[in-house]
J.: 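Here it is: the structure, laid out below.
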Amino acid sequence: MTEIAIHRRGLMLVLSSPSGAGKTTLSRRLLDSDPEIEMSVSATTRKPRPGEVEGKDYFFLDTEDFGIMRNRGEFLESAKVFGNYYGTPKKPVEDALARGRDVLFDIDWQGTQQLDESAPEDLVKVFILPPSAQELEKRLERRAQDPADIVAARMAKASDEISHYQEYEYIIINDDVDRAFAELQAILRAERLRRRRLTGLSNFVKQLREAL
Ligand SMILES: Nc1ncnc2c1ncn2[C@@H]1O[C@H](COP(=O)(O)OP(=O)(O)OP(=O)(O)O)[C@@H](O)[C@H]1O
Ligand SMILES: Nc1nc2c(ncn2[C@@H]2O[C@H](COP(=O)(O)O)[C@@H](O)[C@H]2O)c(=O)[nH]1
């Protein structure tokens, strides 16, 4: 059998949503089921939640170290969210893309706008909506990892976050998590087949046509 020399450039899959809509849940499932994608682990000045692991969930930094990294240009994007700083370390993302891997981002709309300016061709933007306001609040409470005042502050910001949904190409309503996950997989599967991501395609088609 002849070898087909078509390869794919890695893509950057962004998930954004109001806090508690399900980005982390969907991200974990995707990472567990898909060996071609890896997570961009953000840096943050937020304190770790119970169970969160340094270097896996976040790189937990103090404000000074975060500022040093930002001033050195070590973030692809960064933003202040709910009173804390968050940023995407540049090098691991660039290394993963260079190895032809896809990278998954759990970031807010401000970070998505910044990535859209620097790498629009590689970006796939998905916004996750909760099925209702009541369900969003229940999820934030049930997660039981943040004190009541933080849950209230996140609920108060949810409407502002949602106002950015039109900046995203895909919308998933995370009512049933299995269905939402299947939709996310379908988006990724289709985006991987985009013509512009396929390197070696024109040579392959040329050879194919010459043989016809
Ligand atoms: N479809 C769903 N049905 C019921 N519960 C869900 C569903 N999806 C996620 N959850 C639960 O909702 C809570 C919040 O989900 P998750 O932590 O994934 O949200 P998030 O968008 O990552 O939030 P944040 O932006 O604050 O990090 C978790 O306890 C999770 O188990
Ligand atoms: N712009 C960025 N936003 C980020 C990044 N990492 C996480 N986030 C967003 O912050 C909020 C809160 O997250 P939480 O873990 O404290 O609940 C959420 O919307 C995340 O998507 C980042 O690197 N840049």
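All ligand and atom numbering here is 1-based and tracks the order in the structure.
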J.: Would you mind listing the cluster partners of Met69? Hydrophobic ones only (ILVMFWY), side-chain contacts under 4.5 Å, chaining allowed.
T.: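 In the cluster with Met69 are Leu61, Phe66, Phe75, Tyr85.
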
J.: Verify, without hydrogens or angle tests, whether Thr199 (side chain) and His7 (backbone) share a donor-acceptor contact under 3.5 angstrom.
T.: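 Checked: pair present.
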
J.: How does the hydrophobic cluster around Val53 look, that is, which other residues are in it when side-chain heavy atoms under 4.5 Å mark a link?
T.: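 Same cluster as Val53: nobody, lone residue.
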
J.: Looking only at atom types and distance, does a side-chain atom of Asp108 sit under 3.5 Å from a main-chain N or O of Gly111, one as donor and one as acceptor?
T.: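 Checked: pair present.
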
J.: Could you check whether any side-chain heavy atom of Glu169 comes within less than 4.5 Å of a side-chain heavy atom of Leu123, counting everything from C-beta outward?
T.: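 Glu169 vs Leu123: side chains apart.
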
J.: What do the steps show when you test Asp102 against Arg197 for salt bridge (charged side-chain N to carboxylate O under 4.0 Å, His left out), and what is the final call?
T.: CA-CA 11 Å; Asp102 299 321; Arg197 301 198 206 287; over 6 Å; no

J.: Using a strict threshold of under 4.0 Å (side-chain N to carboxylate O), is an ion pair present between Arg8 and Glu36?
T.: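 Answer for the salt bridge query: yes.
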
J.: Looking at Arg99, I want to see if its CZ is surrounded by more than 12 non-hydrogen atoms of other residues, nucleotides or ligands under 6.0 Å.
T.: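 Above 12, so yes.
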
J.: Check this for me: does any side-chain nitrogen of one of Lys138 and Glu141 sit under 4.0 Å from a carboxylate oxygen of the other?
T.: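 Salt bridge: no.
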
J.: Which atoms of ligand 1 are found less than 4.0 Å from any heavy atom of Arg154?
T.: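 Numbered from 1, ligand 1 contributes 26 (O).
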
J.: Suppose we measure from atom 17 (O) of ligand 1 to each protein heavy atom; which comes out shortest, and what is that distance?
T.: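 Ranked first by proximity to atom 17 (O) of ligand 1 is Arg143 NH1, 2.9 Å.
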
J.: Does Arg28 pair with Asp57 as a salt bridge, N-O distance under 4.0 Å?
T.: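 Looking at Asp57 together with Arg28, the answer is yes, because their closest N to O distance falls below 4.0 Å.
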
J.: Residues two or more places apart in sequence or in another chain: which of them pass ring pair (Phe, Tyr, Trp, His ring centres under 6.0 Å) with His164?
T.: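 Only Trp109 meet the ring pair (Phe, Tyr, Trp, His ring centres under 6.0 Å) criterion with His164.
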
J.: Under a 4.0 angstrom heavy-atom cut-off, which atoms of ligand 1 come close to Lys23?
T.: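 Every atom of ligand 1 under 4.0 Å from some heavy atom of Lys23: 18 (O), 19 (O), 20 (P), 21 (O), 22 (O), 23 (O), 24 (P), 25 (O).
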
J.: Suppose we measure from atom 22 (O) of ligand 1 to each protein heavy atom; which comes out shortest, and what is that distance?
T.: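 That would be Thr24 OG1, 2.5 Å.
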
J.: Looking only at protein heavy atoms, which one is nearest to atom 13 (C) of ligand 1, and how far off is it?
T.: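 Here the nearest protein heavy atom works out to Arg139 O, 3.7 Å.
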
J.: Before signing off on this row, confirm whether Asp176 and ligand 1 have an N or O atom pair separated by under 3.5 Å.
T.: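 There is no such contact.
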
J.: Among all protein heavy atoms, pick the one closest to atom 26 (O) of ligand 1 and tell me residue, atom and distance.
T.: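 Ranked first by proximity to atom 26 (O) of ligand 1 is Ser19 OG, 2.5 Å.
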
J.: Which of the numbered atoms in ligand 1 are below 4.0 angstrom from a heavy atom of Ser17?
T.: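 Under 4.0 Å from Ser17, ligand 1 has these atoms: 21 (O).
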
J.: Verify, without hydrogens or angle tests, whether Lys90 (side chain) and Gly73 (backbone) share a donor-acceptor contact under 3.5 angstrom.
T.: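 Side chain of Lys90 to backbone of Gly73: a pair is present.
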
J.: Show the atoms of ligand 1 that are less than 4.0 angstrom away from any heavy atom in Asp175.
T.: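 Listed by number with element, the hits are 1 (N), 2 (C), 3 (N).
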
J.: Give the residue, atom name and distance (to 0.1 Å) of the protein heavy atom nearest atom 14 (C) of ligand 1.
T.: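 The closest heavy atom on the protein side is Gly20 O, 3.5 Å.
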
J.: Compile the protein residues with any heavy atom at a distance under 4.0 Å from an atom of ligand 2; present them by chain, then by number.
T.: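 Residues within 4.0 Å of ligand 2: Lys23, Ser42, Arg46, Arg49, Tyr58, Glu77, Ala79, Val81, Phe82, Tyr86, Gly87, Thr88, Asp106, Ile107, Asp108, Gly111, Arg154.
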
J.: Do NZ/NE/NH1/NH2 and the carboxylate oxygens of Asp122 and Arg194 come within less than 4.0 Å?
T.: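 Not counted as a salt bridge, because no side-chain N and carboxylate O are separated by less than 4.0 Å.
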
J.: Considering only protein heavy atoms, which is closest to atom 16 (P) of ligand 1, and at what distance to one decimal place?
T.: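 It is Thr25 OG1, 3.6 Å.
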
J.: Among the heavy atoms of Ala180, does any lie under 4.0 Å from an atom of ligand 1?
T.: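 Ala180 does not count as a contact of ligand 1 under the 4.0 Å cut-off.
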
J.: Looking only at protein heavy atoms, which one is nearest to atom 19 (O) of ligand 1, and how far off is it?
T.: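 Ranked first by proximity to atom 19 (O) of ligand 1 is Gly22 N, 3.2 Å.
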
J.: Please write down residue, atom name and distance for the protein heavy atom closest to atom 8 (N) of ligand 1.
T.: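 Answer for atom 8 (N) of ligand 1: Asn174 ND2, 3.0 Å.
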
